[in-house]
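Shown next, in structure tokens, is the structure this report addresses.
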Protein chains: 2
Amino acid sequence: MNTSETPSFERHDHERCIHSTVGRVAAACAERGLQLTPVRKRVLELLLDQHKALGAYELLDALRADGLGSQPPAVYRALEFLVGNGFAHKIERLNAFVACCIDETQHSPAFLICRGCNAIAEAESDGLKTAIEDTASACGFVVEQRVVEIEGLCPQCAIAQ
Amino acid sequence: MNTSETPSFERHDHERCIHSTVGRVAAACAERGLQLTPVRKRVLELLLDQHKALGAYELLDALRADGLGSQPPAVYRALEFLVGNGFAHKIERLNAFVACCIDETQHSPAFLICRGCNAIAEAESDGLKTAIEDTASACGFVVEQRVVEIEGLCPQCAIAQ
DNA sequence: AATAGAACGATATACTATACCGCACCTATG
DNA sequence: CATAGGTGCGGTATAGTATATCGTTCTATT
Ligand SMILES: [Zn+2]
Ligand SMILES: [Zn+2]
Ligand SMILES: [Zn+2]
Ligand SMILES: [Zn+2]
């Protein structure tokens, strides 16, 4: 099975995550005629700060501190842009949002959510997609969107119990 | 792959769904020392009325009409009981709830959500569980809870476009 | 400069969920 | 019988999440 993952759970050069993702998003916006405005860019940076999900109102507090917006619609508009264009994801289970760290447009990965440290990793798995497709088509169901959110313990937290 | 599903998308004797599920839940409560109180039973019946998800406040409106409760905690307490004991499920994507139609305690199925008619089916698939387990263990992740919600079109709605 | 569309500020409101207190009821247990 | 503990529930209040709407401002294009 072809499974690729972001290294969210392992020690890694996270500055590189941040810079490469911001750069990638900026390039994608330029190419696709999208505007990466200050508010949108700041929300992306806030989400990238850690591999954790942030609620809309946590983001809003941070925007307020930066003088970039003070009311809920400001952050929800930015999130709509980021999620709609595949630069961030909503974690339904948490009503919260994470930056997308995978260089692949409009994908729909599985999320691994650690209840110990709250870190979140995206996993793109062909086997999982196939299994979903098979499960659905066994019922004659046509898949359009998938939500796969797996809660548990990341390697470090599993060792620490 | 072993896939079992509820017949939610097919024409079926739904009265039978209702009665057998209510009976099964009542028996399980008796056996496990749980109280299927009037409020809890009524919420279960409301959820069973159709294979669709209902929001907490829709349920609350119905409870009000029956004189069985008038404030949010009434319905949330009943839902906590039903979900906690495996008699109903929360659909995270919809912030709504469905009755469980599968006779298996404390399972965690995939949900097929039709955007055409809003019907929801549960699918228990070993292949899917295995794929999730494989995806997680490839990252050293220990699975505790799974959310799998598949949106799309049921057979009827797919034909009707 | 004029125009159209996108983004934003601001207000208001809708929708979802929980904390907390106290009472009623039941059932041990002394 | 008295009492203590558990469970369910009514009620109040509040917390948390998300959207509708309108008018203005910004930006790209003509
Ligand atoms: Zn990183
Ligand atoms: Zn992603
Ligand atoms: Zn049925
Ligand atoms: Zn349908």
Side-chain angles (χ1 to χ4, degrees), chain A residues 25-26 28-44 46-47 52-85 87-98 118 147 149, chain B residues 25-26 28-44 46-47 52-85 87-98 118 147 149:
Chain A
V25 170
C29 286
E31 186 180 348
R32 291 149 66 185
L34 304 171
Q35 302 179 45
L36 188 59
T37 63
V39 180
R40 294 168 176 178
K41 186 172 181 211
R42 186 75 188 110
V43 170
L44 178 64
L46 289 164
L47 291 178
K52 298 187 180 171
L54 290 176
Y57 285 72
E58 293 178 89
L59 293 165
L60 181 56
D61 287 342
L63 287 185
R64 279 198 182 109
D66 295 344
L68 278 172
S70 61
Q71 299 303 323
V75 68
Y76 280 104
R77 277 191 290 245
L79 287 168
E80 182 179 18
F81 171 85
L82 293 172
V83 172
N85 290 290
F87 305 138
H89 301 287
K90 178 171 186 181
I91 307 297
E92 298 290 346
R93 179 68 185 249
L94 304 178
N95 294 318
F97 301 84
V98 289
N118 297 313
V147 174
E149 295 172 358
Chain B
V25 170
C29 286
E31 186 180 348
R32 290 149 65 186
L34 304 171
Q35 301 179 46
L36 188 59
T37 63
V39 181
R40 293 168 177 180
K41 186 172 180 210
R42 186 73 190 114
V43 170
L44 178 63
L46 289 165
L47 292 177
K52 298 187 180 172
L54 290 176
Y57 285 73
E58 293 177 88
L59 294 165
L60 182 55
D61 287 343
L63 287 185
R64 281 197 181 110
D66 294 345
L68 278 173
S70 61
Q71 299 302 323
V75 69
Y76 280 103
R77 278 189 293 245
L79 288 169
E80 183 180 18
F81 171 85
L82 294 171
V83 172
N85 290 291
F87 305 139
H89 301 286
K90 178 170 185 182
I91 308 296
E92 299 290 346
R93 179 67 185 250
L94 304 176
N95 293 318
F97 302 83
V98 288
N118 296 314
V147 173
E149 296 171 359

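When reading the values below, keep in mind they use all heavy atoms of this one structure, side chains included, and skip hydrogens, waters and symmetry mates. Residue numbers start from 1 in every chain, and the chains themselves are labelled A, B, ... in the order their sequence lines are given, proteins ahead of strands.
In this structure, A:R42 contributes its side chain and A:L63 its backbone to no donor-acceptor pair below 3.5 Å.
Atom CZ of A:F81 is separated from atom CG of A:L36 by 6.0 Å, given to the nearest 0.5 angstrom. Note that CG of B:L79 is 10.5 Å distant from CG of B:L44, once rounded to the nearest 0.5 Å. Between the CG atom in A:L46 and the CG atom in A:D66 there is a gap of 7.0 Å [rounded to 0.5 Å]. Here CD of B:E80 is found 9.0 Å from CZ of B:R40. Values are rounded to the nearest 0.5 Å. Distance check, rounded to the nearest 0.5 Å: CD of B:E149 to NE2 of B:H89 gives 11.0 Å.
In this structure B:D61 satisfies the side-chain hydrogen bond (donor to acceptor under 3.5 Å, both in side chains) test together with B:R64, sequence neighbours excluded. Listed by chain and number, the residues in a side-chain hydrogen bond (donor to acceptor under 3.5 Å, both in side chains) with B:N118 amount to none (sequence neighbours excluded).
The local environment of CD in B:E58 is crowded, with over 12 non-hydrogen atoms from other residues, nucleotides or ligands closer than 6.0 Å. Summarising the local packing, NZ of A:K41 is surrounded by 12 or fewer heavy atoms from other residues, nucleotides or ligands at distances under 6.0 Å.
In this structure, the helix from C:dA1-D:dT30 to C:dG30-D:dC1 shows an angle of 30° between the axis at its start and the axis at its end, each fitted on 5 base pairs and rounded to 10°.
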Please evaluate residues A:K52 and A:L47 with respect to the criterion side-chain contact (heavy atoms from CB on, under 4.5 Å), reporting the C-alpha separation (whole Å), side-chain torsions for both, the decisive distance (0.1 Å), and the verdict. CA-CA 7 Å; A:K52 298 187 180 171; A:L47 291 178; over 6 Å; no
Could you give me the CA-CA distance, side-chain angles and deciding distance for A:N85 and A:R32, then say whether side-chain contact (heavy atoms from CB on, under 4.5 Å) is met? CA-CA 10 Å; A:N85 290 290; A:R32 291 149 66 185; 3.7 Å; yes
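Annotation: proximity of residues 62-72 of chain A to DNA chain C (heavy atom, distance under 4.0 Å) is found for A:S70, A:Q71, numbered in ascending order.
Counting 5' to 3', DNA chain D first comes under 4.0 angstrom of a heavy atom of chain B and last does so at the ends given by D:dT7 to D:dT12. From the 5' end on, the contacts that DNA chain C makes with chain A at under 4.0 Å to a non-hydrogen atom open and close at C:dA6 to C:dT11.
Each of B:N95 and B:P38 lies near DNA chain D, and the nucleotide nearest B:P38 is the one positioned closer to the 5' end. Projected onto DNA chain D by closest heavy-atom contact, A:R77 and A:E58 fall at different nucleotides, the more 5' of which corresponds to A:E58.
Considering A:L82, A:L54, A:V83 in turn, A:V83 is the only one that fulfils the side-chain contact (heavy atoms from CB on, under 4.5 Å) rule with A:F97.
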